[in-house]
S.K.: 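Shown below is the structure under consideration.
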Amino acid sequence: MNEQAVMVQHSLDAAQAANLLDGLGVKGKLAPAITPNSTAAKPAALPDGLDKAGLAFLADPRVRIGVSLVSSGNVRNLVVYGAGDGSPLVGFTPLGTERYSLAMPLAPDHMTALLVTGLGLEQDIAQLPLATTLDSEGLLALAGFADALRQRELEALLARLPKPDSRVSLEEIYLRTLDGMVSGDARWTTGLLTQLFDRLPELDEEKLRQGMLALQQIGWVTNSAGTNWMPTDAFALGSAHWQLPLAGAYLQLARLLNDSVETTDIVLLRMLGSVWLCRQQGKQYTLESTSSSHLLSFLDNVLAGFTVLPQPMPTASVVESVPAAPRSRPRFCRKCGAPLAIDVRFCGACGNAVS
């Protein structure tokens, strides 16, 4: 991004936002939309100084990246749109239902900066030797189990007991999980996950039991006499971090490739003293503890790479007519097939680690 370009922000009401989009003739698959209640608003004049020259691609953007930051205090959103050619981005972000923020020009590092601040990544957070893949039942069981352990610790603290009992029943885990899912309280792990994942399934005790069995299979919990569940040393290494969630972030990256929309969803969880990278593939969730530096490198590569669409391969006749210049052999992602730049550690298209 040109360092001389100064970001300009405008605050639009629903009428102004609808007027702007109507004037651009918005029609694209990834284009911004106004909520149904707002579209009926009477058109109003746009703010003075709003330069529409750089907004033409909003009518049919090729790239859209949404960032949602969730903490116990609030939810912050940033939605940016791009032309897919690496040019500066435009942020068109809903603020509730009746206000919109328009910011231009933006660059991928604006989104990285938002995540750094919101998740507290300025601190040197070390990576824990914990990683696994779970289905939705296992993910909710993990969160509910951590919340149940925290509940035990709070009760022991109030009762002035020296040490809480770490054995919890399935019923306790189930009640804590339900409470977090219903309340959406981000101070509890289940509440934070409920706000970050909008399609988590309904849970009953049998599904939760299956989730706990999945945690037992990977060695994170044990079962006592078939009734009580306890954390293992492997889980205890990260359990305090899971019991005290600080914030979370949800990234949805979408772009148009061959007239079809390709999406990538990434969730970041900031716990006490740890950061977790969570990627959803179908009904499976991959959880990986990561360090601050590793995560920042991952975000830089993914966000920067996603704003530039892959260029079409040249035809055979063009290749034959142009002498080949000496160059290193090109690399491509083994997972999605996207071309890779030199010396990158992660694929900019799908985020897969480059071997």
Side-chain angles (χ1 to χ4, degrees), residues 1 5-70 74-115 118 195-196 198-199 249-266 302-309:
M1 178 179 173
V6 178
M7 184 180 68
V8 178
Q9 290 183 290
H10 297 277
S11 178
L12 309 178
D13 60 26
Q16 291 172 320
N19 185 28
L20 171 66
L21 296 186
D22 287 345
L24 293 173
V26 171
K27 60 183 182 303
K29 293 182 179 180
L30 299 180
I34 303 297
T35 57
N37 290 338
S38 300
T39 55
K42 184 179 179 180
L46 295 175
D48 293 336
L50 177 59
D51 181 12
K52 293 170 49 176
L55 298 176
F57 70 86
L58 274 182
D60 187 16
R62 317 303 287 176
V63 173
R64 182 187 68 211
I65 301 177
V67 179
S68 293
L69 267 171
V70 179
N74 55 32
V75 177
R76 285 180 287 170
N77 297 301
L78 173 64
V79 186
V80 301
Y81 300 85
D85 58 1
S87 60
L89 310 167
V90 170
F92 187 84
T93 304
L95 305 174
T97 58
E98 296 299 325
R99 305 265 342 151
Y100 295 82
S101 171
L102 181 66
M104 58 185 293
L106 294 174
D109 55 12
H110 284 97
M111 291 171 281
T112 304
L114 176 65
L115 292 168
Q195 290 205 47
L196 293 172
D198 59 357
R199 291 183 295 274
Y250 172 68
L251 285 76
Q252 185 180 67
L253 304 96
R255 59 183 183 177
L256 279 174
L257 291 175
N258 299 323
D259 206 35
S260 62
V261 178
E262 174 195 274
T263 61
T264 299
D265 295 332
I266 301 171
V302 169
L303 292 174
F306 216 85
T307 59
V308 182
L309 298 178

S.K.: How far does CG of Asp259 sit from NZ of Lys29, to the nearest 0.5 angstrom?
M.R.: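 That separation rounds to 4.0 Å.
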S.K.: Are Tyr100 and Leu20 close enough that some pair of their side-chain heavy atoms sits under 4.5 Å apart?
M.R.: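 With C-beta onward as the side chain, the pair stays apart.
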S.K.: Of the non-hydrogen atoms in Pro94 and Val79, which two are nearest, and what is the gap between them?
M.R.: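 Closest approach of Pro94 to Val79: CD-CG2, 4.3 Å.
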S.K.: What verdict does the side chain to side chain contact (heavy atoms under 4.5 Å, CB included) test give for Leu12 and Asn19, after you've listed the backbone C-alpha separation in whole Å, the side-chain angles of each residue and the deciding distance to 0.1 Å?
M.R.: CA-CA 10 Å; Leu12 309 178; Asn19 185 28; over 6 Å; no
S.K.: If you look at every heavy atom in Gln16 and Ser11, which pair is closest and at what distance?
M.R.: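 Shortest heavy-atom separation between Gln16 and Ser11 comes out as OE1-O, 3.9 Å.
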S.K.: Could you pull out the closest heavy-atom pair between Leu55 and Leu24, with the gap in Å?
M.R.: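 Closest pair (atom of Leu55, atom of Leu24, distance): O-CD1, 3.6 Å.
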S.K.: For a 4.5 angstrom cut-off between non-hydrogen side-chain atoms, does Leu30 reach Val63?
M.R.: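 No; the side chains remain at least 4.5 Å from each other.
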S.K.: How long is the span from the CG atom in Leu69 to the CG atom in Leu114, to the nearest 0.5 Å?
M.R.: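 Reported value, rounded in 0.5 Å steps: 4.5 Å.
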S.K.: How long is the gap from CG on Leu106 to OH on Tyr81, to the nearest 0.5 Å?
M.R.: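 Separation between the atoms: 12.5 Å.
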S.K.: If I take atom CG from residue Leu303 and atom OG1 from residue Thr112, how far apart are they, to the nearest 0.5 angstrom?
M.R.: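 It is 4.5 Å, given to the nearest 0.5 Å.
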S.K.: Please give me the minimum heavy-atom distance between Ser101 and Leu95, naming the atom from each residue.
M.R.: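 Where Ser101 meets Leu95 most closely, the heavy atoms are CB-CD1, 3.9 Å.
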S.K.: Enter the distance from Ile65:CD1 to Gln252:CD here, rounded to the nearest 0.5 Å.
M.R.: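 The distance works out to 11.0 Å.
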S.K.: Working to the nearest 0.5 Å, report the span between OH of Tyr250 and CG of Asn77.
M.R.: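 Output value for this atom pair is 11.5 Å.
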S.K.: Nearest heavy-atom pair of Ala31 and Ala59: which atoms, and what distance?
M.R.: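 Smallest heavy-atom distance, with atoms named: CB-O, 4.0 Å.
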S.K.: Are the side chains of His110 and Val80 in contact, using a 4.5 Å heavy-atom criterion?
M.R.: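 No, too far: nothing below the 4.5 Å cut-off.
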S.K.: Write down the atom of Val261, the atom of Ala254, and the distance for their closest heavy-atom approach.
M.R.: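 For Val261 versus Ala254, the nearest heavy atoms are CG1-CB, 4.1 Å.
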